[in-house]
Trainee: 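Structure provided below as structure tokens; questions to follow.
As the structure is a computational prediction, the values presented were derived from the model and not from experiment.
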Amino acid sequence: MSTLNILRTNSDHPDFQYLVKALDRELAIIDGDEHEFFAQFNKTANLATVLVGYENNQPVAIGALRPYDSEVVEVKRMYVVDSLRGKGIASQVLAELEIWAAELGFKKCILETGKKQPDAIALYKKNGYAVIPNFGQYAEIDNSVCFEKTL
């Protein structure tokens, strides 16, 4: 497993914004015609709980939390640069997000990912997330798969 230095910050951090652009470029290809629909739910303005992971002082991974209600937080904007995937970095970021969520008093994490993202689905299952009925804006979306994990 790679050794990652993780910074707690907010969505204004330039390294977070840099990696969000890379993530959005990748998702535009994966989602194709559905990209605009999903992109509207992935705005990053005013996120107070953002992680940036660094390897050799280079930003290589991100993740964020957005409160869903008083006890539930949504995991957003998970991304690892392509060249470092498969090294456990995403699991490290996810674990740190869960720790931070618990520190903030949240009881559960939820998230949505796309059926066209089998690596993401495998990541969440490997880290103890269970598939749930699609929630909120994803309720009627066939390409979405939603997860939850009690903290």
Side-chain angles (χ1 to χ4, degrees), residues 1-32 34-114 116-129 135-138 141 143-149 151:
M1 185 179 293
S2 179
T3 302
L4 197 66
N5 293 316
I6 299 177
L7 171 69
R8 288 184 179 189
T9 187
N10 62 48
S11 57
D12 292 333
H13 196 284
D15 290 338
F16 177 72
Q17 290 298 325
Y18 169 75
L19 289 176
V20 161
K21 288 180 178 133
L23 168 60
D24 287 341
R25 284 191 301 272
E26 186 173 307
L27 289 176
I29 295 166
I30 293 170
D31 293 336
E34 296 178 306
H35 182 67
E36 288 305 314
F37 171 80
F38 290 110
Q40 67 182 321
F41 306 117
N42 290 323
K43 304 298 184 211
T44 58
N46 303 314
L47 292 177
T49 45
V50 165
L51 297 178
V52 180
Y54 294 88
E55 188 171 79
N56 300 320
N57 297 317
Q58 296 298 311
V60 298
I62 54 173
L65 299 172
R66 177 179 290 144
Y68 188 77
D69 63 30
S70 64
E71 294 192 345
V72 179
V73 68
E74 187 175 2
V75 174
K76 303 293 291 179
R77 314 291 22 215
M78 288 288 297
Y79 178 75
V80 175
V81 296
D82 192 50
S83 62
L84 293 176
R85 292 182 185 164
K87 298 180 184 300
I89 290 173
S91 291
Q92 289 178 63
V93 171
L94 189 58
E96 185 64 26
L97 285 173
E98 292 166 0
I99 290 166
W100 201 359
E103 288 173 5
L104 294 170
F106 291 101
K107 308 288 186 226
K108 186 184 295 184
C109 289
I110 60 171
L111 62 91
E112 179 274 346
T113 194
K116 297 176 186 175
Q117 298 176 60
D119 292 345
I121 292 169
L123 167 74
Y124 299 123
K125 287 181 176 179
K126 176 177 78 172
N127 283 281
Y129 283 74
F135 60 86
Q137 64 267 24
Y138 308 111
I141 306 303
N143 186 40
S144 289
V145 57
C146 293
F147 291 89
E148 73 176 12
K149 181 178 180 179
L151 299 175

Trainee: For the pair N56 (side chain) and Q58 (backbone), establish whether a donor and an acceptor sit closer than 3.5 Å, ignoring hydrogens and angles.
Mentor: no
Trainee: Within this structure, what is the OG-NZ distance for the pair S11 and K76, rounded to the nearest 0.5 Å?
Mentor: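 Interatomic distance, S11 OG to K76 NZ, rounded to 0.5 Å: 13.0 Å.
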Trainee: Is I121 close to V145 at the side-chain level, that is, under 4.5 Å between some pair of heavy atoms?
Mentor: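 SC-SC contact between V145 and I121 confirmed.
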Trainee: Hey, what do you get for CD1 (I62) to OH (Y18), rounding to the nearest 0.5 Å?
Mentor: 11.0 Å
Trainee: For residues A64 and V50, report the shortest heavy-atom separation together with the two atoms involved.
Mentor: CB-CG2, 3.9 Å
Trainee: Identify the two heavy atoms, one from N127 and one from S91, that lie closest to each other, and give their separation to 0.1 Å.
Mentor: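 Smallest interatomic distance, heavy atoms only, reads ND2-OG, 3.0 Å.
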Trainee: If every non-hydrogen atom of A101 is compared with every non-hydrogen atom of V73, which pair is closest and at what distance?
Mentor: CB-CG1, 3.7 Å
Trainee: Is F106 close to E98 at the side-chain level, that is, under 4.5 Å between some pair of heavy atoms?
Mentor: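 With C-beta onward as the side chain, the pair stays apart.
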Trainee: Is it true that K21 and D24 make a salt bridge, defined as a side-chain N closer than 4.0 Å to a carboxylate O?
Mentor: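 No, no charged N to carboxylate O under 4.0 Å.
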Trainee: Do L51 and W100 make a side-chain contact, defined as non-hydrogen atoms from C-beta onward lying under 4.5 Å apart?
Mentor: yes
Trainee: Kindly indicate, with the supporting measurements, whether the criterion side-chain contact (heavy atoms from CB on, under 4.5 Å) is fulfilled by Y129 and L111.
Mentor: CA-CA 9 Å; Y129 283 74; L111 62 91; 3.7 Å; yes
Trainee: Output the distance between atom CG (N5) and atom CG (N57), rounded to the nearest 0.5 Å.
Mentor: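 Spacing of CG (N5) from CG (N57) equals 7.5 Å.
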Trainee: What I'd like to find out is whether the side chain of T9 reaches to under 4.5 Å of the side chain of V52, using heavy atoms alone.
Mentor: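 Side-chain contact under 4.5 Å: yes.
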Trainee: In the structure I gave you, are the side-chain heavy atoms of V75 and L94 within less than 4.5 Å of one another anywhere?
Mentor: yes
Trainee: Applying side-chain contact (heavy atoms from CB on, under 4.5 Å), run through E71 and D69 and close with a yes or a no.
Mentor: CA-CA 6 Å; E71 294 192 345; D69 63 30; 4.0 Å; yes
Trainee: Tell me if a side-chain donor or acceptor on S144 pairs with a main-chain N or O of E112 at a distance below 3.5 Å.
Mentor: no
Trainee: Less than 4.0 Å between a side-chain N and a carboxylate O, is that true for E26 and R77?
Mentor: no
Trainee: For the pair H13 and L7, evaluate side-chain contact (heavy atoms from CB on, under 4.5 Å) and give the outcome as yes or no after the intermediate values.
Mentor: CA-CA 10 Å; H13 196 284; L7 171 69; 3.5 Å; yes
Trainee: Under a 4.5 Å cut-off applied to non-hydrogen side-chain atoms, are M78 and L123 in contact?
Mentor: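 They are in side-chain contact.
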Trainee: Salt bridge or not between E103 and R8? Use side-chain N to carboxylate O under 4.0 Å.
Mentor: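 Looking at R8 together with E103, the answer is yes, because their closest N to O distance falls below 4.0 Å.
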Trainee: Treating T113 as the side-chain partner and A120 as the backbone partner, does any N or O pair qualify as donor plus acceptor under 3.5 Å?
Mentor: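 Side chain of T113 to backbone of A120: no pair is present.
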Trainee: So which atom in A102 and which in L151 form the shortest heavy-atom distance, rounded to 0.1 Å?
Mentor: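 In this case the closest contact between A102 and L151 is N-CD1, 3.9 Å.
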Trainee: Looking at CG of L65 and CG of L47, how far apart are the two atoms once the value is rounded to the nearest 0.5 Å?
Mentor: 9.0 Å
Trainee: Would you mind checking if R66 and E74 are paired as a salt bridge, meaning a charged N to carboxylate O distance below 4.0 Å?
Mentor: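 No.
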Trainee: Can you measure from NZ (K108) to CD1 (I110) and round to the nearest 0.5 angstrom?
Mentor: 8.5 Å
Trainee: When you compare the side chain of L97 with that of C109, does any pair of heavy atoms fall below 4.5 Å?
Mentor: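 C109 vs L97: side chains apart.
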Trainee: Are any of the side-chain heavy atoms of V60 and L4 separated by less than 4.5 Å?
Mentor: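 V60 vs L4: side chains touch.
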Trainee: Report the relative orientation of the aromatic rings in Y124 and F147; use parallel for angles under 30°, tilted for 30 to 60°, perpendicular for over 60°.
Mentor: tilted
Trainee: Mind listing the closest non-hydrogen atom pair of A61 and L19 along with its distance?
Mentor: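 Of all heavy-atom pairs spanning A61 and L19, the closest is N-CD1, 3.5 Å.
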Trainee: Drop me the distance from C146's SG to F135's CZ, to the nearest 0.5 angstrom.
Mentor: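 Interatomic distance, C146 SG to F135 CZ, rounded to 0.5 Å: 4.5 Å.
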